[in-house]
Amino acid sequence: MRMHNADKTCGIAQAAMVLGDWWNTLVLREVARGHVRFDALAAEIGLSRKVLTERLGRLVAQGVLHRSLYQRRPVRYEYLLTDSGTTLLPLLVAMQDWGDR
């Protein structure tokens with residue numbers, strides 16, 4: 001997603017860069033529900049492994065999620081909300097309430 005120069009100082013535009021993607025929002029929903037491992041996320045969302053890998057990488061790079069090693073052989077990670085990611089939870093709840101109405 002491209003951002004205009006004016007949008008670099010706009011909080012809504014900044015949030016849209018993270019949540020503006022359908023899959024990112026669903027990944028965050030599932031992590032908030034406790035599905036923090038790759039296979040669980042893929043199963044819950046029904047997303048291809050390639051796209052899920054890309055979305056998780058972006059969310060980690062944006063500081064919304066962090067990876068935590070839970071198994072060494074083979075290497076496997078959990079994806080957990082950062083403090084920044086946790087602050088998005090009220091927004092997800094508001095989206096759910098709006099959608100339910």
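- At least one side-chain heavy atom of V51 sits under 4.5 Å from a side-chain heavy atom of S48.
- Using a 4.5 Å cut-off on side-chain heavy atoms (C-beta onward), V31 and L59 make no contact.
- Two residues are said to be in side-chain contact when any heavy atoms from C-beta on lie closer than 4.5 Å; R49 and D39 meet this criterion.
- Under the 4.5 Å side-chain criterion, counting only non-hydrogen atoms from C-beta, H66 is not in contact with V60.
- No more than 12 heavy atoms of other residues, nucleotides or ligands sit less than 6.0 Å from atom CG of D83.
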task = Test L26 against L47 for side-chain contact (heavy atoms from CB on, under 4.5 Å), laying out the working first.
result = CA-CA 10 Å; L26 295 183; L47 189 55; over 6 Å; no
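- A heavy-atom distance below 4.5 Å is found between the side chains of L28 and L65.
- Contact check for W23 versus E54: no side-chain heavy atoms found under the 4.5 Å cut-off.
- The same ILVMFWY cluster, assembled from side-chain heavy atoms under 4.5 Å apart, contains both W22 and M95.
- Contact detail for G63 and S84: the closest heavy-atom pair is O-CB, 3.6 Å.
- A distance of 6.5 Å separates CG of D21 from CZ of R58, quoted to the nearest 0.5 Å.
- The backbone N or O of E78 sits nowhere less than 3.5 Å from a side-chain atom of S68 that would complete a donor-acceptor pair.
- In the hydrophobic clustering of this structure, V64 does not group with V93; members are Ile, Leu, Val, Met, Phe, Trp, Tyr whose side-chain heavy atoms approach within less than 4.5 Å, directly or through other members.
- Under the 4.5 Å side-chain heavy-atom criterion for grouping Ile, Leu, Val, Met, Phe, Trp and Tyr, V18 is connected to L92 within one hydrophobic cluster.
- A cation-pi arrangement is present between R67 and Y77 under the rule of less than 6.0 angstrom and at most 45 degrees off the ring axis.
- Nearest heavy atoms, H35 versus E30: ND1-OE1, 2.7 Å.
- Residues L41 and L56 meet the side-chain proximity criterion, which asks for heavy atoms closer than 4.5 Å.
- One finds the CZ atom of R37 at 14.0 Å from the CD atom of E44 (value rounded to the nearest 0.5 Å).
- Figure legend: R76 and F38 shown without cation-pi pairing, the cationic atom not lying both under 6.0 angstrom from the six-membered ring centre and within 45 degrees of its axis.
- When the shell of 6.0 Å around CG of L69 is examined, it contains more than 12 heavy atoms from other residues, nucleotides or ligands.
- Annotation: side chain of I45 is in contact with side chain of V27 (closest heavy-atom distance under 4.5 Å).
- A donor-acceptor pair is defined here as one N or O able to donate and one able to accept, closer than 3.5 Å; such a pair exists between the side chain of Q71 and the backbone of R73.
- Side-chain atoms of N24 never come within 3.5 Å of backbone atoms of L19 as a donor-acceptor pair (strictly under, hydrogens ignored).
- Residue L89 holds its CG atom at 13.5 Å from CZ of R29, rounded to the nearest 0.5 Å.
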